[in-house]
Protein chains: 4
Amino acid sequence: MENKIRVTIWNEFRHEKTKENVKAIYPNGLHAVIGEFLKETGDMEITLAALDDPAQGLPDEVLNNTDVLLWWGHMSHKEVDDELVKRIQARVYLGNMGFIALHSGHHSKPFKAIIGTNGNLQWGREQKEIIWNLSPSHPIAAGIPEHFLLESEELYSEPFYIPQPDALVFGSWFEDGNIFRSGACFIRGAGKVFYFQPGHESCRSFYNPYVQRIIKNAVYWAKPNDSACTIADKCPHITEPVINEFSK
Amino acid sequence: MENKIRVTIWNEFRHEKTKENVKAIYPNGLHAVIGEFLKETGDMEITLAALDDPAQGLPDEVLNNTDVLLWWGHMSHKEVDDELVKRIQARVYLGNMGFIALHSGHHSKPFKAIIGTNGNLQWGREQKEIIWNLSPSHPIAAGIPEHFLLESEELYSEPFYIPQPDALVFGSWFEDGNIFRSGACFIRGAGKVFYFQPGHESCRSFYNPYVQRIIKNAVYWAKPNDSACTIADKCPHITEPVINEFSK
Amino acid sequence: MENKIRVTIWNEFRHEKTKENVKAIYPNGLHAVIGEFLKETGDMEITLAALDDPAQGLPDEVLNNTDVLLWWGHMSHKEVDDELVKRIQARVYLGNMGFIALHSGHHSKPFKAIIGTNGNLQWGREQKEIIWNLSPSHPIAAGIPEHFLLESEELYSEPFYIPQPDALVFGSWFEDGNIFRSGACFIRGAGKVFYFQPGHESCRSFYNPYVQRIIKNAVYWAKPNDSACTIADKCPHITEPVINEFSK
Amino acid sequence: MENKIRVTIWNEFRHEKTKENVKAIYPNGLHAVIGEFLKETGDMEITLAALDDPAQGLPDEVLNNTDVLLWWGHMSHKEVDDELVKRIQARVYLGNMGFIALHSGHHSKPFKAIIGTNGNLQWGREQKEIIWNLSPSHPIAAGIPEHFLLESEELYSEPFYIPQPDALVFGSWFEDGNIFRSGACFIRGAGKVFYFQPGHESCRSFYNPYVQRIIKNAVYWAKPNDSACTIADKCPHITEPVINEFSK
């Protein structure tokens, strides 16, 4: 048990309570559905967290025991506490936690702060999307074919003002004439970050087996390394020249 | 005159002689049309070269006086002399020449050798293409809007087995459901390389003002630097420790 | 005059007033010295700004008329106003301004926020540094030899927790056994950012001709593009399918 | 047994037969030492191959059953058969094999062809080297401290004319004033490539536990993905629009 990846799935969790069409698709919240398919791996211990939970769902005892944090937010980005954002950002940079932003999480405070972006993109009506596998050798693309279809997703379009990713794994085609860099890896500090575009609250993408496989792969990829480095949250002062170690 | 960028435009130049529909669009070869619009800058000295010219158009006196080489080839890639490819590759790596591969040049010997790729992609019928500007701050995107349309281009589709580019400047949407990384920069050795997808022989893309602007921008970007380094085509042996320079 | 690059050099400007050894080297502040050598280009209009100036030196009428902002801060990073940081960050992301962080600016609020880093590194005593040119074809390396020496600089050492740069232009060797990625380019949003390591207040690096050339090159490189894109500080809603433009 | 990673270690294997000082360190060849420590993982099936073996050690039945190929060559790069190089390159690009170049393998035909580089660097006398961990979150850096020492290695120095790596994992400091990008990952086609600098034939680096750990990590990292893509060695012609799949 102690070797399982400790995954926390944070969801704004408001649309599912207030909109009938969303509730019909994700009655217990979309984070619950994500938790279900991640549990299937047998390798992950799942915690669900929501904006309206105490401490916005991420008190120290949860955050400090999270190996990979998934984040879905949409209408209430501004309500997320700035101090919480700093704790998340620090934990990623220090290599203690991976971070996965889903769909409208592109505009969430933690994604923007961690990556260094305003997260801006263009968006439009729900429509057909085709996701192309741009990097078949990447661990997050394991088991994913050359392309797959989503019957209906919200249009997200370039220009998407992210930095050039460390690896661009997926790109998307949309019916109305748009393209989007829909699956992108970033290394920030000693931490790993993945952004993945599908997952609008009124669409069924989190039930798609390829979407599920990608998110599973991303958790394995983003989990902290077996690192032998001590990473302090400061700039250490070197007082003894490294070359002196040769004579030891 | 001596400060002009010396641009050589290499064209396979066979379709234009044998196919009526191509001849109608590019009567003197597509390289002639490219040469015309590059001349408009007033900064470039243009040389046209073709596969069936003596020395395949690139004898030493031409190649060794070229700052930027543009390359369009299609059906006859295999006829290009392997020794010529090595001379082109070496000149780019040593920082003496930039290289721009156009359209079907993705499968040309010099592009593949310089970049380190098999150049493979998928292709299909001529159709509508929309080119998206993914990097408005890149010099090659200067003057290019967020997106522009091509009424008819040959379908090029992912997966395109290029290495992740040093800068991905343009991406394309195609009518049939495909996307493509259509404008990509690569640094190789001390040289700069740009790949650009439009330019099928039976389409009119080289008359498109945005396509023209992009190719002009790319020539400025790819030209050799004002370098103060001597770059030898070998591995120099250091016999005097660099730190001894401190006491000089 | 109207075509000059509008450069603002922001300096914390306190060491030069309080420490005799610093005052001796930079009597009017190190930003004044930087301003002098940038003026030599004839292409730049220089504004000096300091932390203790009104509006911390960057009121709207200054910031909104700056094409490239240079930043040197050290002991007083925390005093920089968070709202000012947001204005700087937004201006870079929207492609209206380049940003150049010098030396201890690695830990400044704007550098950290723009890039997405905690800026952490290791540091130590002043010593010999050798700067290696890793990318002779990069515009910022124009005119710079394979390597050059600094008799005395503050030790900055890896691990430096920056994201992998879009281009790594310089790397440094230090006497005590350390290395450092000392010249690094980042694209963030539609803006360009350069970090350069030399420039400790008690060293003379800003008088070194290669350091001066690099900073000049960096200003030319970082200035905003001739962009044809309108970049809004929001996520535009697309209401008309792009493909409809084909029939216009 | 069938799930083990099939690792082939190719060694020029001539210095060890002709030079007494090399024979003393690696009596059965340095590939034998590498094979021994890789076997300790329990996950790898090792094949040793040498230049003077039949078919230069890599007949089809060996190469086509190799998941990761390690390569050490030095004086006899030119003797390696060009057709063998093409088979290696194709196997990597198609995602069937990872490739790890060790030390002087930077100038080997397969490394240069796969990566797209002339492999040039500077070199000098054996001396003290310090290897710095630039990317603690990278799988190849697992278990590796912030830095470690090698008492004696051959000097390899920048400028090293490799393309910017997809991940720069290690950098090195040398006693004489030089630095070197000593551990670098490249994605080429659907394959993974790692270059690692230590391993001169007259030095003992392959006995260093950190060097051993890095090479073990690199094998795990470079092995082919569980890919669901069929990757053909050609440009497939799409005859049926992808969007038609929506109506199926």
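Chain letters run A, B, ... following the sequence lines, proteins first, then strands; residues in each count from 1. Below, each value reflects all heavy atoms present in this structure, side chains not excepted, and no hydrogens, waters or symmetry copies. Everything numeric here is computed off the predicted structure, so don't read it as measured data.
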Most chain A-contacting option - heavy-atom pairs closer than 4.5 Å, from C/Gln122, C/His107, C/Lys112, C/Gln164 | C/Gln122
Part of A/Asp233 within contact of chain C (heavy atom distance under 4.5 Å) = both
A/Thr239 versus chain C, heavy atoms under 4.5 Å apart: side chain, backbone, both or neither?
-> neither
Under a 4.5 Å heavy-atom cut-off, does chain C meet the side chain of A/Ile114, its backbone, both or neither?
-> backbone
Do side-chain atoms of C/Trp123 reach the backbone of A/Ile238 as a donor and acceptor pair under 3.5 angstrom?
-> no
Checking heavy atoms, do the side chain of C/Leu121, its backbone, both or neither come under 4.5 Å from chain A?
-> both
So which part of A/Ala90 gets closer than 4.5 Å to some heavy atom of chain C, the side chain, the backbone, both or neither?
-> neither
Is a donor on one side and an acceptor on the other found under 3.5 Å between the side chain of A/Tyr161 and the backbone of C/Ala190?
-> no
A/Glu175, part contacting chain C, at a heavy-atom distance under 4.5 Å = backbone
Go through C/Ile231, C/Ile187, C/Asp166, C/Ile162 and name the one with the most non-hydrogen pairs under 4.5 angstrom from chain A.
-> C/Ile231
Comparing C/Thr117, C/Leu94, C/Val92 against chain A, the one with the most heavy-atom pairs below 4.5 Å turns out to be C/Thr117
Using a cut-off of under 4.5 Å for heavy-atom pairs, which of C/Gly189, C/Ala232, C/Pro163, C/Gly177 has the most such pairs with chain A?
-> C/Pro163
Sort A/Asn120 into side chain, backbone, both or neither according to what part of it lies under 4.5 angstrom from a heavy atom of chain C.
-> both
Sort out for me which of C/Arg125, C/Lys234, C/His106 touches chain A most, counting heavy-atom pairs under 4.5 Å.
-> C/Lys234
Is it the backbone or the side chain of A/Asn118 that comes under 4.5 Å from a heavy atom of chain C, or both, or neither?
-> both
Identify which of A/Gly124, A/Pro236, A/Pro159, A/Gly119 forms the greatest number of heavy-atom pairs closer than 4.5 Å to chain C.
-> A/Pro236
Taking A/Pro241, A/Cys235, A/Ala113, A/Ser157 one by one, which has the highest count of heavy-atom pairs under 4.5 Å against chain C?
-> A/Cys235
